[in-house]
Amino acid sequence: MSAYQVVIIGSGPGGYVAAIRSAQLGFKTAIIEKYSTLGGTCLNVGCIPSKALLDSSEHFFNAKHNFEAHGIALENLKADLSKMVERKAQVVKQTCEGVSYLMKKNKIDVFQGKGSFIDATHIEITAENGEKQTITAEKTIIATGSKPNYFPGMEPDKKRIITSTEALILQEIPKRMTVIGGGVIGLELGSVYAR
Ligand SMILES: Cc1cc2nc3c(=O)[nH]c(=O)nc-3n(C[C@H](O)[C@H](O)[C@H](O)COP(=O)(O)OP(=O)(O)OC[C@H]3O[C@@H](n4cnc5c(N)ncnc54)[C@H](O)[C@@H]3O)c2cc1C
């Protein structure tokens, strides 16, 4: 059974940064992530992909509305959303690989699977294929992030009612879209599709 001084559950910005710091301070460190890629919401379906789509849609907006004033004329301008989404996936891949590299560089062991406590010092990791293993941790940092809350009766069917995660992988630009929630996520993804 592998033994660690510090184990972090969750590899989002909270988890992977804590893991790097723990390793830098000389602790034998491991990180557990239930998904196949590291980086959590922020890198996989949050900050990074939303910024990639904002970048692409801003280029399109400028080409459509602002280039002419600079003496640049374009014909048959069109937005290819599937290409924008493909580029976004590449940006996400590179960034997540960057986190894997940082884990290796700092000699942090990465376990893929869902972490759960057996007791205060034993953590069970259940891989996607159901295989289980147990590691020990003197100290554990829980960095498992958050989950969205839905209105009763308005749970996403992921087709007509979608969340920000589906909005990052649409293959067609919807003719109409209502965004519920005017926080940063709603404003960003609303801007992408409005453009
Ligand atoms: C569309 C969108 C855009 C955003 N843009 C920004 C932005 O521009 N700037 C900004 O600061 N924030 C932004 N955010 C918010 C940001 O993504 C979160 O604040 C951040 O990801 C929280 O980090 P975290 O490490 O706490 O959790 P998370 O990133 O959610 O990571 C938690 C990780 O824990 C894993 N996990 C959960 N339970 C277990 C378990 N039992 N075992 C193993 N692993 C587990 C999850 O799979 C996940 O990978 C955005 C969010 C969204 C959705």
Side-chain angles (χ1 to χ4, degrees), residues 2 4 6-22 29-58 81 84-85 87-89 91-93 95-100 102-103 108-137 139-150 156 158 161-170 174 177-195:
S2 304
Y4 295 92
V6 179
V7 169
I8 293 106
I9 307 179
S11 74
Y16 82 77
V17 174
I20 292 169
R21 190 68 190 132
S22 162
T29 306
I31 191 163
I32 307 170
E33 171 54 56
K34 69 179 173 183
Y35 291 128
S36 57
T37 55
L38 302 179
T41 302
C42 182
L43 273 65
N44 288 282
V45 290
C47 331
I48 301 300
S50 65
K51 255 46 103 200
L53 287 184
L54 272 173
D55 190 19
S56 298
S57 66
E58 188 181 13
L81 184 62
M84 287 185 188
V85 170
R87 175 188 169 276
K88 176 221 70 179
V91 173
V92 167
K93 188 169 173 277
T95 322
C96 291
E97 283 171 359
V99 175
S100 295
L102 288 173
M103 296 300 108
I108 298 161
D109 289 345
V110 177
F111 291 90
Q112 199 269 312
K114 189 171 178 182
S116 52
F117 285 96
I118 296 171
D119 57 37
T121 54
H122 291 77
I123 300 169
E124 184 175 74
I125 303 160
T126 310
E128 238 169 325
N129 63 8
E131 267 177 37
K132 289 179 192 291
Q133 62 177 310
T134 302
I135 61 174
T136 64
K139 298 262 189 282
T140 305
I141 297 174
I142 303 169
T144 49
S146 58
K147 282 193 171 172
N149 199 6
Y150 303 123
K158 302 193 174 181
I161 302 174
I162 62 173
T163 70
S164 59
T165 301
E166 290 74 49
L168 292 167
I169 47 169
L170 289 181
M177 176 186 267
T178 303
V179 180
I180 302 180
V184 286
I185 298 172
L187 290 176
E188 283 187 349
L189 290 168
S191 299
V192 167
Y193 287 102
R195 285 167 179 170

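Residues: numbered from 1 along the sequence shown. We count ligands from 1, going down the list as the structure has it; atoms in each ligand are counted the same way. What you see is a predicted model; the values in this text were computed from it and never measured.
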### Query
When you measure from the side chain of S11 to the backbone N and O of G39, does any donor-acceptor pair fall under 3.5 Å?
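Judged by distance alone, yes, a pair lies under 3.5 Å.
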Among protein heavy atoms, which sits nearest to [atom], and what does the distance come to when rounded to 0.1 Å?
atom                    : value
atom 38 (N) of ligand 1 : T144 CG2, 3.3 Å
atom 33 (C) of ligand 1 : E33 OE1, 3.7 Å
atom 34 (O) of ligand 1 : G10 CA, 3.2 Å
atom 23 (O) of ligand 1 : P13 CD, 3.3 Å
atom 3 (C) of ligand 1  : G46 C, 3.3 Å
atom 4 (C) of ligand 1  : C47 N, 3.4 Å
atom 36 (N) of ligand 1 : K34 CE, 4.0 Å
atom 29 (O) of ligand 1 : T41 N, 2.9 Å

#### Entry: contact_flag G113 ligand 1 heavy-atom lt 4.0 Å
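It does; at least one heavy atom falls under 4.0 Å.
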### Query
Just distances here: any N/O of K51 and N/O of ligand 1 closer than 3.5 Å?
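Indeed, backbone or side chain, K51 has an N or O that close.
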### Query
Got an N/O contact under 3.5 Å between C42 and ligand 1?
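Looking only at distances, the answer is yes, because the N/O contact criterion of under 3.5 Å is met.
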### Query
Just wondering, do L168 and S50 contact through their side chains at under 4.5 Å, heavy atoms?
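Yes, side chains in contact.
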### Query
Is any side-chain heavy atom of Y16 closer than 4.5 Å to a side-chain heavy atom of I108?
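With C-beta onward as the side chain, the pair stays apart.
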Which of the numbered atoms in ligand 1 are under 4.0 angstrom from any heavy atom belonging to [X]?
X   : answer
I32 : 43 (C), 44 (N)
S50 : 3 (C)
Y35 : 47 (O)
I9  : 40 (C), 42 (N), 43 (C)
G40 : 29 (O), 31 (O), 48 (C), 49 (O)

### ligand 1-proximal atoms of V45, by part, heavy-atom distance under 4.0 Å
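V45 to ligand 1: backbone contact only, side chain stays beyond 4.0 Å.
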### Message
For the residue pair Y4 / D109, report whether a side-chain donor-acceptor contact shorter than 3.5 Å exists.
### Response
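Per modelled atom types, D109 and Y4 side chains form a pair under 3.5 Å.
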### Query
Can you name the nearest heavy-atom pair linking I123 to T140, along with the distance?
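What the structure gives for the nearest pair is CD1-OG1, 3.5 Å.
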### Message
So which atom in A143 and which in I8 form the shortest heavy-atom distance, rounded to 0.1 Å?
### Response
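So the two residues come closest at CB-CG2, 4.3 Å.
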### Query
What's the verdict on side chain to side chain donor-acceptor pair (under 3.5 Å) for E166 and T163, showing C-alpha distance, side-chain angles and the deciding distance?
CA-CA 6 Å; E166 290 74 49; T163 70; 2.7 Å; yes
### Query
For atom 17 (O) of ligand 1, is some protein heavy-atom partner under 4.0 Å away?
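Yes.
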### Distance flag for atom 11 (O) of ligand 1, protein heavy atom under 4.0 Å
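Neighbour list for atom 11 (O) of ligand 1 is empty of protein heavy atoms (cut-off 4.0 Å).
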#### Entry: Spacing of L53 atom CG and L81 atom CG [to the nearest 0.5 Å]
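Reported to 0.5 Å precision, the distance equals 7.5 Å.
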### Task
Enter the distance from I32:CD1 to Q112:CD here, rounded to the nearest 0.5 Å.
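One gets 11.0 Å once the value is rounded to the nearest 0.5 Å.
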### Query
Taking atom 24 (P) of ligand 1 as the point of reference, which of S146, G14, A18 owns the nearest heavy atom?
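Selected option, by shortest heavy-atom distance: G14.
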### Query
Is there any salt bridge (charged side-chain N to carboxylate O under 4.0 Å, His left out) pair reaching into residues 180-194, and which pairs are they, with sequence neighbours excluded?
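Checked against salt bridge (charged side-chain N to carboxylate O under 4.0 Å, His left out) - neighbours excluded - the pairs reaching residues 180-194 are K51-E188.
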### Query
For Y193, does the OH atom sit with more than 12 other heavy atoms under 6.0 Å from it, leaving out its own atoms?
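More than 12 heavy atoms, drawn from other residues, nucleotides or ligands, come within 6.0 Å of this atom.
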### Query
Can you name the residues that form a salt bridge (charged side-chain N to carboxylate O under 4.0 Å, His left out) with R87, not counting sequence neighbours?
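Listed in chain order: D55.
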